[in-house]
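Have a look at the structure below, then the notes.
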Amino acid sequence: MPSQALLSARMSYAAAVLACVTYGIYLVIAVICIYILLKRRSASKTYAHRIILSYTVLMLIVSTGYFVCGAVWSEVEFVESTADISVYDTLLNSPLAVLKDTLYVVNIWLADSLLLYRTFVIWGGSYFIVTIPACLWMGAVATGIALLYNTAQPLANLNQGVIIHFQTSFYCLTISLNILCTLLIAGKLWMQHRRVQALRAAGAWSYTMVIAIIVESAALYSLCGIIYIPLIVRSLPLQFPITALVGSLTVSP
């Protein structure tokens, strides 16, 4: 059985590889989305269209910054640093680590606010429907700020109790927001599909419809988040590759 230091090094390496693969996939999808959004005729560009385009471009910029910081971090970790990798992985207060974590948290804020907006639009502009998700988003912003503040303190590391508490609170709020919006969006899409089916000949659900609901409702991110939270609480090295996966699913258009 590998030692804790070796396991931590392997998980950190897996996170770097996974981040490269998922960022490459995301970059292609994001560029295609931006191209399609820009190709629309000016007359057909609505307010919602401009919001989606702005979010897509902004999140691509932030994600690219995070990926670059992560790549530099991995290069220092595996090539330049003389520290034990299992120790280096937990350090949080270096300027590079602070910048990387800030971009990561900001991207989650952006993605959650976009999901909140999509829920608002899909439910016909109902402020009542998005009241609780909006409160969860504000809580995620508050705990995210507190988390970033504490990670920037001298001697801050991933295993400190205050870091674990704020990290757990932050992810519980953002995952709760995603689960709630997932249920709201999936429920609305299901109801709309039922109405369309009622107007046409009765038929079984197509795989395309099921996939559309999963993608539109951000169900994959919610599922990964549920797996991720216990790993944070237990400070397990497996959290490193899951962090990379969560970061990629966060910004999926």
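Hydrogens, waters and symmetry mates play no part in the numbers below; they use all other heavy atoms, side chains included. What you see is a predicted model, and the numbers here were worked out from it, not measured in a lab.
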Any non-hydrogen side-chain atom of [X] less than 4.5 Å from a side-chain atom of [Y]?
{"X": "Val105", "Y": "Ile145", "value": "no"}
{"X": "Leu147", "Y": "Asp101", "value": "no"}
{"X": "Leu110", "Y": "Asn107", "value": "yes"}

Going by side chain to side chain contact (heavy atoms under 4.5 Å, CB included), name the residues that satisfy it together with [X], two or more places apart in sequence or in a different chain.
{"X": "Leu184", "result": "Thr119, Trp123, Ile129, Pro133, Leu180"}
{"X": "Ile61", "result": "Val57"}
{"X": "Leu103", "result": "Val62, Tyr66, Cys69, Leu99"}
{"X": "Tyr13", "result": "Val17, Phe78"}

Which residues pass the side chain to side chain donor-acceptor pair (under 3.5 Å) test with [X], not counting sequence neighbours?
{"X": "Thr102", "value": "none"}
{"X": "Tyr104", "value": "none"}
{"X": "Ser113", "value": "Tyr55"}

What pair of heavy atoms forms the shortest contact from [X] to [Y], and how long is it?
{"X": "Ala15", "Y": "Ala244", "answer": "O-CB, 3.6 Å"}
{"X": "Ala30", "Y": "Leu60", "answer": "CB-CD1, 4.1 Å"}
{"X": "Ser176", "Y": "Cys172", "answer": "OG-O, 2.6 Å"}
{"X": "Leu148", "Y": "Thr151", "answer": "O-OG1, 2.8 Å"}

Mind checking the [atom1]-[atom2] spacing from [X] to [Y]? Nearest 0.5 Å is all I need.
{"X": "Leu37", "Y": "Thr56", "atom1": "CG", "atom2": "OG1", "value": "5.5 Å"}
{"X": "Cys181", "Y": "Tyr117", "atom1": "SG", "atom2": "OH", "value": "14.0 Å"}
{"X": "Leu18", "Y": "Met11", "atom1": "CG", "atom2": "CE", "value": "11.0 Å"}
{"X": "Leu115", "Y": "Ile122", "atom1": "CG", "atom2": "CD1", "value": "8.5 Å"}
{"X": "Asp112", "Y": "Leu177", "atom1": "CG", "atom2": "CG", "value": "4.5 Å"}
{"X": "Leu183", "Y": "Asn178", "atom1": "CG", "atom2": "CG", "value": "11.0 Å"}

| field | Under 3.5 Å: donor-acceptor pair, side chain of Gln239, backbone of Leu236 | value |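 Checked: pair present.
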| Do other residues, nucleotides or ligands put more than 12 heavy atoms under 6.0 Å from the CD1 atom of Ile51? |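 Yes, enclosed.
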Please tabulate, one pair per line, all N/O donor-acceptor pairs under 3.5 Å involving side-chain atoms of residues 227-234, not counting sequence neighbours.
residue	atom	partner	partner atom	Å
Tyr228	OH	Thr243	OG1	2.6

| request: Only counting residues at least two apart or in another chain, list the ones meeting ring pair (Phe, Tyr, Trp, His ring centres under 6.0 Å) with Tyr35. | output: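 Expected list: none.
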Is it possible for you to say whether [X] and [Y] belong to one hydrophobic cluster, with membership spreading through side-chain heavy-atom contacts below 4.5 Å?
{"X": "Phe67", "Y": "Ile32", "result": "no"}
{"X": "Ile242", "Y": "Ile226", "result": "yes"}
{"X": "Leu27", "Y": "Leu58", "result": "yes"}
{"X": "Val28", "Y": "Met59", "result": "no"}

Can I get a per-line list of side-chain donor-acceptor pairs under 3.5 Å for residues 160-171, giving both atom names and the distance, sequence neighbours left out?
residue	atom	partner	partner atom	Å
Gln160	NE2	Leu155	O	3.2
Thr168	OG1	Ile164	O	2.7
Ser169	OG	His165	O	2.9

| task | Before giving the answer on side-chain contact (heavy atoms from CB on, under 4.5 Å), spell out for Thr174 and Trp109 the whole-Å C-alpha distance, their side-chain angles and the decisive distance to 0.1 Å. | result | CA-CA 8 Å; Thr174 184; Trp109 288 341; over 6 Å; no
| field | Option passing ring pair (Phe, Tyr, Trp, His ring centres under 6.0 Å) with Phe120 (candidates Trp137, Phe128, Tyr127) | value |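 Going through Trp137, Phe128, Tyr127 one by one, the ring pair (Phe, Tyr, Trp, His ring centres under 6.0 Å) with Phe120 is satisfied by Tyr127 alone.
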